[in-house]
Amino acid sequence: MSANASIATLFNQIADALEVLGENQFKVMAHRKAARILEDLSDDVAELCKSDPDKLKSIDGLGASSVQKIQEFVATGKIKAHDEVLAKLPPGLIDVLRVPGLGPKTVKLLWDQGGVTDLTTLKSQLASGALEKLPRMGAKTLQNIAENLAFLETAGDRARLGDAMPIAETFVTQLRAIKGVTQAEFAGSLRRGRETIGDIDLLVATEHPAPVMQYFCSHPLVAKVLVSGDTKSSVRLNNGMQVDLRAVPAMNWGAALLYFTGSKDHNVILRERAIERSMRLNEYGLFADDGDETPPQQRGVKPVASKTEQEIYIKLGLEWIAPELRESHGEFDNNLTKHLVCAGDIRRELHCHTTASDGFLSIEQLIETAKSRGFDAIAITDHSRSSAQANGLSVERLREHAANIRAASAKIKGIHVLVGSEVDILADGHLDYPDDVLAELDWVVASPHTALKQTPEAATARLLAAIANPFVHVIGHPTGRILNGRPGLEPNMKLVIAAAAKAGVALEINCNPARLDLRDALVRAAHEGGAMISINTDAHDGEHFDFLRYGILTARRAGLTAAGCVNAWPWKQFETWRLSRGRAKSLKNS
DNA sequence: GCCGTTTTCGGCCCGACTGTTTTCAGTCG
């Protein structure tokens, strides 16, 4: 685990412990915010402590106390304040907070008066009936705790973006079909395009929410209704995923969509801007602050803005900010919305596989698929010889495959076909084919597939060696991570990005939702560091071309522009760059 | 704990829903 992730974990644990101990809630929130900042930070904090400690101190949300803790961890591997605050609680008590519905107050009560010290004692105390005499512990509450504890024991990780999106879209389509529903969208982290999703947030506009709530709670995918109110319901699906639905009148649509899209930190800043302008913002709208404590929407006060997100941003002195940027990462000072790359900008696919290695489409099918999507080119990049598990090509098979690709290309007009390879970057940084073989190719994606647990130093040297090879165009899925699977390489990305920028090698956003590699924060660092980005689906089948949307969301979260993405460049510009690498040959038919 | 174009002290977002309550505490997002 990186230092950033380790420290973020400790900060979250401090927050959990402080909360159970009943400490100031703003102190708790400050620790959680610091943890979020560390998780999203592209720089390695250990590196930063050494090379640029001032940058650490300048990060908004990290104060003197947090910086001191970070420096302490980097120097000693521990945080004294963490040890001290956790020593005040039984070792397993903060795990009890993970049970849905159990917050700090209840956990404190269970500990003080119920003999609960961890998840095991919670289970045994529930079974023994010892908790029944506690205040506010009725039969219903105890039953919910037992059910939620059982759920926690089987619950998996956060859902991947690519798993949550199709489910959300199914619901949205069905909700839109209900009479009286004028609008329906998914919101939350899904709309912001985060790589993993805690739960799916759905929003509908309707003047008649009752039938919508009834439809939702009785949906065939629903395993358990968690909450069901007049305007808000939550359910757990058969696959364990939680889905929340909120219904609002059409006139409140924009305010609600803004509110439920988040992020939390983005919304806090919006509300602060509202207060600075003598207004208040909630999920019903932006209202003039008249000093009355009762919420304005309950008094029939007409909002200043509420129907669309755009008009709310405008009244707050801002232009609309794309959901992918709403993470409080500088979007208020530098709103890149108008410049972000979008799916329509993508003109070519530069990493995909045929049946020659581990794909499911023939060369012809792959080319036709790319053509049908309106692409001007496709690079066919089957695996190299070391990827035996993926039926990687020997040099002989590669040459035969190349001839087959050129033959197919000659038959299919209207699209450029690049003969390429996804070449393994071996553990020591050597590529899986010798340079004279690479020189026969139009296009080279170099990717790590094995030895993904090597040290950061070895990983850095490995990627730098691949970048230094003059035949390489793109480093494919640079870290090799699998979401909810394996962490992958942890190279010094500052050095990798600088080298890629200098050499003119692109770094990939692999769109496969299990990968999304590079991840958003590293794409941001790469783009800002002057490295080119290549967004590729790594398609092994026709439908994998649809993964592009996930790569685009990741790119937009990073503030990537079309100009920074080689897949979006005009063909001539792309060719000039491609041919500048190694001795790649120009296409016969170009 | 963090922050500052009125502030180095005094604020820091707020509403829906549930369960246990006779008026509200706790959780969640």
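Lettering follows sequence order; numbering is per chain, from 1.
For A:Thr231, taking side-chain heavy atoms from C-beta onward, the closest of the listed nucleotides B:dG29, B:dG26, B:dC17 is B:dC17. Nearest to the side-chain atoms of A:Asp60 among the listed nucleotides B:dG1, B:dG15, B:dC3 stands B:dC3. Listed candidates were B:dG26, B:dG19, B:dC13. Nearest to the side chain of A:Lys105 is B:dG26. Taking only side-chain atoms of A:Gln297, from C-beta outward, the nucleotide of B:dC13, B:dA16, B:dG15 with the closest atom is B:dG15. For A:Arg271, counting side-chain heavy atoms from C-beta on, the closest listed nucleotide (B:dC13, B:dC24, B:dG1) is B:dC13. Distance from the side chain of A:Tyr259 is smallest to B:dC14 among B:dC14, B:dG19, B:dC17. Distances were taken from every side-chain heavy atom of A:Thr106 (C-beta onward) to each of B:dT27, B:dG1, B:dT20; the shortest belongs to B:dT27. Among the nucleotides B:dG29, B:dT20, B:dG1, the one closest to any side-chain atom of A:Asp199 is B:dG29. Minimum atom distance to the side chain of A:Thr141 is reached by B:dT20, of the listed B:dT20, B:dC12, B:dT18. Of the candidates B:dG1, B:dA25, B:dT18, the closest approach to any side-chain atom of A:Ser228 belongs to B:dT18.
You'll find the side chain of A:Val96 stays beyond 4.5 Å of the side chain of A:Thr106, heavy atoms only. A:Met137 has its side chain out of reach of A:Glu132: every pair of non-hydrogen atoms, C-beta onward, lies at least 4.5 Å apart.
Across the C1' atoms, B:dC12 and B:dT8 are found 16 Å apart, a figure rounded to whole Å. For B:dT22 and B:dG26, the P atoms lie 14 Å apart once the distance is rounded to whole Å. Straight-line distance between the C1' atoms of B:dT21 and B:dT27: roughly 16 Å, to the nearest whole Å. When the C1' atom is used for both B:dT23 and B:dT6, the distance is 40 Å, rounded to whole Å. One P atom belongs to B:dG15, the other to B:dT20, and the distance between them is 26 Å to the nearest Å. For the C1' atoms, the distance from B:dG29 to B:dC13 is 12 Å, rounded to whole Å. If you take atom C1' in B:dC14 and the same atom in B:dT7, they sit 24 Å apart, rounded to whole Å. Rounded to whole Å, the separation between the P atoms of B:dG11 and B:dC24 comes to 24 Å.
Taking side-chain N and O atoms only, A:Ser189 has no distance below 4.0 Å to OP1 or OP2 of B:dG29. Not one side-chain nitrogen or oxygen of A:Asn282 sits closer than 4.0 Å to the OP1 or OP2 atom of B:dC14. The side chain of A:Asn144 contributes an N or O atom lying less than 4.0 Å from OP1 or OP2 of B:dG19. The side chain of A:Lys69 places an N or O atom within less than 4.0 Å of a non-bridging phosphate oxygen (OP1 or OP2) of B:dG1. Look at A:Arg32 and you won't find any side-chain N or O under 4.0 angstrom from OP1 or OP2 of B:dC2. Residue A:Lys140 places at least one side-chain N or O under 4.0 Å from the OP1 or OP2 atom of B:dG19. Considering only side-chain N and O atoms, A:Ser65 lies under 4.0 angstrom from the phosphate OP1 or OP2 of B:dG1.
Across all strands, A:Ala81 comes closer than 4.0 Å to no nucleic acid atom at all (heavy-atom distances). Residue contacts shown for A:Gly61 are limited to sugar-phosphate atoms, with no base heavy atom under 4.0 Å away. Residue-level contact check: A:Ala64 touches the backbone only, with heavy atoms under 4.0 Å from sugar-phosphate atoms and none from bases. Among the protein residues, A:Pro104 comes within range of the sugar-phosphate backbone only, with heavy atoms under 4.0 Å from sugar or phosphate atoms but none that close to a base. Nucleic acid contact for A:Ser66: sugar-phosphate only, since backbone atoms but no base atoms lie under 4.0 Å from a heavy atom of the residue.
The main-chain N or O of A:Met241 is never found under 3.5 Å from a side-chain atom of A:Arg236 such that the two would form a donor-acceptor pair.
When the C1' atom of B:dC3 is taken as reference, atom NZ of A:Lys33 falls 9 Å away, rounded to whole Å. The CG atom of A:Leu245 sits 15 Å away from the P atom of B:dA16 (whole-angstrom rounding). In this structure, A:Leu134 atom CG and B:dA25 atom P are separated by 18 Å, rounded to whole Å. If you take CD of A:Glu272 and C1' of B:dC14, they are 14 Å apart, rounded to a whole angstrom. The CZ atom of A:Phe26 sits 10 Å away from the P atom of B:dC14 (whole-angstrom rounding). Distance CD1 (A:Ile14) to P (B:dG1): 9 Å, rounded to an integer number of Å. Taking atom CZ of residue A:Arg36 and atom C1' of nucleotide B:dG1, one finds them 13 Å apart after rounding to whole Å. The NZ atom of A:Lys224 sits 12 Å away from the P atom of B:dT18 (whole-angstrom rounding).
Using a 30° and 60° split on the angle between ring planes, A:His266 and A:Phe332 fall in the parallel class, below 30°.
Within 6.0 Å of NZ on A:Lys80 lie no more than 12 heavy atoms contributed by other residues, nucleotides or ligands.
Partners of A:Thr261 by side chain to side chain donor-acceptor pair (under 3.5 Å), not counting sequence neighbours, listed by chain and number: A:Arg191.
Each of A:Arg246 and A:Leu102 was assigned the nucleotide of DNA chain B with the nearest heavy atom; the assignment lying further toward the 5' end belongs to A:Arg246. Each of A:Gly101 and A:Ser233 lies near DNA chain B, and the nucleotide nearest A:Ser233 is the one positioned closer to the 5' end.
Proximity of the aromatic rings of A:Phe171 and A:Phe186 is defined here by a centroid distance below 6.0 angstrom, and this criterion is not met.
In summary, A:Asp40 and A:Arg194 engage in a salt bridge, as defined by a charged side-chain N under 4.0 Å from a carboxylate O.
Between A:Leu56 and A:Leu48, the shortest heavy-atom contact is CD1-CD2, 4.0 Å.
When Watson-Crick and G-U wobble pairs are counted only if both distances are under 3.5 Å, B:dT8 pairs with no nucleotide at all.
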